[in-house]
Enquirer: 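Below: one structure in C-alpha cells.
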Amino acid sequence: MRYRTMGNTGTVVSVQALGTMTFGAEADEETSGRIIEAYVEAGGNFLDTADAYSKGVSEQIIGRWLAAHPTEAQQLVVATKGRFPMGPGPNDYGASRRHLTDALDSSLARLGVDSVDLYQIHAWDALTPIEETLRFLDDAVRAGKIKAYGFSNYLGWQLTKAAWIAKVHGWAPPVTLQPQYSLLVRAIEHEIVPAALDQGIGLLPWSPLAGGWLSGKYTRGTAPSGATRLGENPDRGMEAWGPRSEDEHTWAVLDAVREVAEGAGTTSAAVALAWLDAQPAVTSTILGARTVEQLQQNLAAVDLDLGADALARLTEVSTPQTEVYPYGPQAVQQRFRPLVP
C-alpha cells in the first residue's frame, strides 16, 4: 500500500479507501466484516461511509467491527457524511445546523466513537446559507466531534465559495472533496479539479470504475445479466446501460483500457484505477466491493505503474467531448500562456 496526506492536513491515508455503500445492502454483516479485514491486511487505513448508506446500517456494521477490533480501529481513519434524508420530516435532511447536529450525533452513536476523522457534507444544499453549514462544521471541529471536514458532489464555484468564506471568517477550512471521477466521467477536470488544486483540497473519487463499466465485464451488443449492478437494474442511475452503450466514446475507452491491460498482464479494473491514482489532486480512490474477491482484485492496482505512454493513450482516448467554448482546446489555450511569447 502507498500513502498520502489527506488533502491539506497532516493525516496520512492509504491511496485506496474502502467505500462501504454496499454494507448492509449488497454485502451482509459477515461479508462486510471480511471485506474490512482484507482491506486492513492489505495496508488500507481509510474507511468511508455515510448515514444514508442503508439508512445507517453501514455505520452500525462498521461500529460493531471497530468495537470488536480495538487495535486495528486505532489505526483507521474513519470518514462519514450527512445531508440526505434520514426521516420523513422537512428537517430530516439538508445542510442546516439543525439537521447536521442530529445527523452527526447519530453517526457518532452508530459508529460507537466520540469523533470522526473526516465529516463530509454529502451534497450542496441550495436552501441553507453556506455560512450556516460552515459555522456548524467549525464548531464541530472546535468541539472535537470531527477532526476535519470536506464535501461531496460540489461544483467548482461551490467549493471555491465555501473555501473562501471559511478563510475570511477564520473558520476551519475544507480539506477534501468527493466527486464522481473515472475514465468515463472526466468533466470535473474543467472546473472542479482546478478549484481543488487552487485550494489544496484533496479529491476522493467515487465510482472509479464507472459503476462496473471499466471492470471489463460488459461487451458491446450484449445487455448485462446476472448478479451485477446493471444485470439486476439496467436503468441504474448515471451508469444505466442504454445511454452509455449507445455512446461510441464509451466503447473506445473500454477498448483502450482492455488493450493496455492485456499488454501489462493485468485487469481492466486495475488499469482504470491506476490511471485515476495518477491524476492531479487525487488523494485516495474509494473502492466499493460486494465481496472480498472483488476488493482484492482492485487492491492490485496499487502496485501498477502504467508508464507514460499508456497513461497518455488512456488520457487521450477518454478526453471529454466538449463544445468549442468554453472547454474546447482553443478556449482552454486562451487561459494559459508561455513564460516567454
Side-chain angles (χ1 to χ4, degrees), residues 1 13-14 16-70 72-87 93 103-113 115-123 146 150 152-153 176 178 180 204-212 215 227-233 236-237 239 269 273 284-299:
M1 184 59 70
V13 295
S14 48
Q16 292 178 325
L18 179 58
T20 62
M21 189 171 68
T22 61
F23 289 13
E26 298 164 278
D28 60 22
E29 183 156 357
E30 180 182 354
T31 301
S32 299
R34 289 192 284 109
I35 289 173
I36 297 176
E37 289 166 11
Y39 174 72
V40 171
E41 288 174 3
N45 77 334
F46 194 9
L47 295 184
D48 179 75
T49 188
D51 59 0
Y53 294 168
S54 301
K55 289 293 185 181
V57 176
S58 175
E59 290 180 324
Q60 290 172 341
I61 289 173
I62 292 170
R64 287 191 286 267
W65 192 92
L66 295 175
H69 301 80
E72 293 86 347
Q74 186 67 27
Q75 299 302 318
L76 291 176
V77 176
V78 178
T80 192
K81 313 178 196 72
R83 190 288 199 183
F84 287 130
M86 292 299 288
Y93 69 111
L104 176 56
D105 287 346
S106 296
S107 286
L108 294 176
R110 285 188 290 266
L111 290 165
V113 297
S115 174
V116 289
D117 299 289
L118 180 67
Y119 192 65
Q120 300 154 103
I121 306 303
H122 214 153
I146 66 176
S152 182
N153 304 310
T176 58
Q178 266 196 49
Q180 183 178 181
L204 309 175
W206 60 266
S207 197
L209 297 179
S215 69
T228 66
R229 288 182 178 178
L230 289 186
E232 296 168 351
N233 181 9
R236 179 188 173 98
E239 65 251 25
L273 292 170
S284 185
T285 300
I286 299 174
L287 305 179
R290 293 183 176 194
T291 66
V292 172
E293 292 72 26
Q294 282 183 344
L295 175 68
Q296 291 173 333
Q297 290 171 5
N298 293 338
L299 286 170

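What you are looking at is a predicted structure, and each value in this text was computed from that prediction instead of being measured.
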Enquirer: Can you confirm whether the side chains of Gln178 and Asp48 place a donor and an acceptor under 3.5 Å from each other?
Expert: yes

Enquirer: Could you tell me whether the side chain of Ser58 and the main chain of Ala50 form a donor-acceptor pair under 3.5 Å?
Expert: no

Enquirer: I'd like to know if the side chain of Glu29 and the backbone of Arg64 have a donor-acceptor N/O pair within less than 3.5 Å.
Expert: no

Enquirer: Rounded at 0.5 Å granularity, tell me how far NZ in Lys81 sits from OG1 in Thr49.
Expert: 6.5 Å

Enquirer: Can you give me the closest heavy-atom contact between Met86 and Gly56, atom names plus distance?
Expert: CE-N, 4.1 Å

Enquirer: If I compare all heavy atoms of Ala38 with all of Leu295, which pair ends up nearest, and what's the gap?
Expert: CB-CD2, 4.1 Å

Enquirer: To the nearest 0.5 Å, what is the distance between CZ on Arg34 and CD on Glu41?
Expert: 11.5 Å

Enquirer: Taking all heavy atoms of Ala27 and all of Ser32, pick out the closest pair and write down the distance.
Expert: O-OG, 3.3 Å

Enquirer: First locate atom OH of Tyr39, then atom CG of Leu47, and finally report the distance between them rounded to the nearest 0.5 Å.
Expert: 6.5 Å

Enquirer: Do Trp65 and Glu37 have side-chain heavy atoms sitting under 4.5 Å apart?
Expert: yes

Enquirer: Using the side-chain contact (heavy atoms from CB on, under 4.5 Å) rule, take His69 and Val40 through it: C-alpha gap first, then chi angles, then the decisive distance, then the call.
Expert: CA-CA 11 Å; His69 301 80; Val40 171; over 6 Å; no

Enquirer: Determine whether Leu118 and Val13 make a side-chain contact, defined as any pair of heavy atoms from C-beta on separated by less than 4.5 Å.
Expert: no

Enquirer: Below 4.5 Å, heavy atoms only, C-beta onward: do Glu59 and Thr20 meet side chain to side chain?
Expert: no

Enquirer: Would you confirm whether Ser284, through its side chain, and Ser14, through its main-chain N or O, come within 3.5 Å as a donor-acceptor pair?
Expert: yes

Enquirer: Which residue in the set Leu76, Val57, Leu111 passes side chain to side chain contact (heavy atoms under 4.5 Å, CB included) when paired with Ile62?
Expert: Leu111

Enquirer: Is the closest side-chain heavy-atom distance between Asp51 and Arg110 below 4.5 Å?
Expert: yes

Enquirer: Kindly say whether Val78 contributes a backbone atom to a donor-acceptor pair with the side chain of Asp117 at under 3.5 angstrom?
Expert: yes

Enquirer: Going from CD on Gln297 to CG on Leu273, what distance comes out if it is rounded to the nearest 0.5 angstrom?
Expert: 11.0 Å

Enquirer: Have Tyr119 and Ser107 got a donor and an acceptor in their side chains that come within less than 3.5 Å?
Expert: no

Enquirer: With a 4.5 Å heavy-atom cut-off, do Ile35 and Leu18 have their side chains touching?
Expert: yes

Enquirer: Taking the side chain as every heavy atom from C-beta outward, state whether Tyr53 and Thr80 have any atom pair closer than 4.5 Å.
Expert: no

Enquirer: How are the rings of Phe84 and His122 set relative to one another: parallel (under 30°), tilted (30 to 60°) or perpendicular (over 60°)?
Expert: tilted

Enquirer: How many angstroms lie between OG in Ser207 and CD in Gln180, if you round to the nearest 0.5 Å?
Expert: 4.5 Å

Enquirer: List the atom of Pro208, the atom of Thr285, and the distance in Å for their closest heavy-atom pair.
Expert: CB-CG2, 3.5 Å

Enquirer: Determine yes or no for a side-chain-to-main-chain donor-acceptor pair under 3.5 angstrom, with Lys55 supplying the side chain and Gly87 the backbone.
Expert: no

Enquirer: Under the side-chain contact (heavy atoms from CB on, under 4.5 Å) criterion, do Asn45 and Gln75 qualify, and how do the steps go?
Expert: CA-CA 7 Å; Asn45 77 334; Gln75 299 302 318; 5.6 Å; no

Enquirer: For the atom pair CG (Leu287) and OG1 (Thr22), what is the distance rounded to the nearest 0.5 Å?
Expert: 11.0 Å

Enquirer: Would Met1 and Leu299 count as a side-chain contact (heavy atoms from CB on, under 4.5 Å) here? Give the steps.
Expert: CA-CA 9 Å; Met1 184 59 70; Leu299 286 170; 4.1 Å; yes

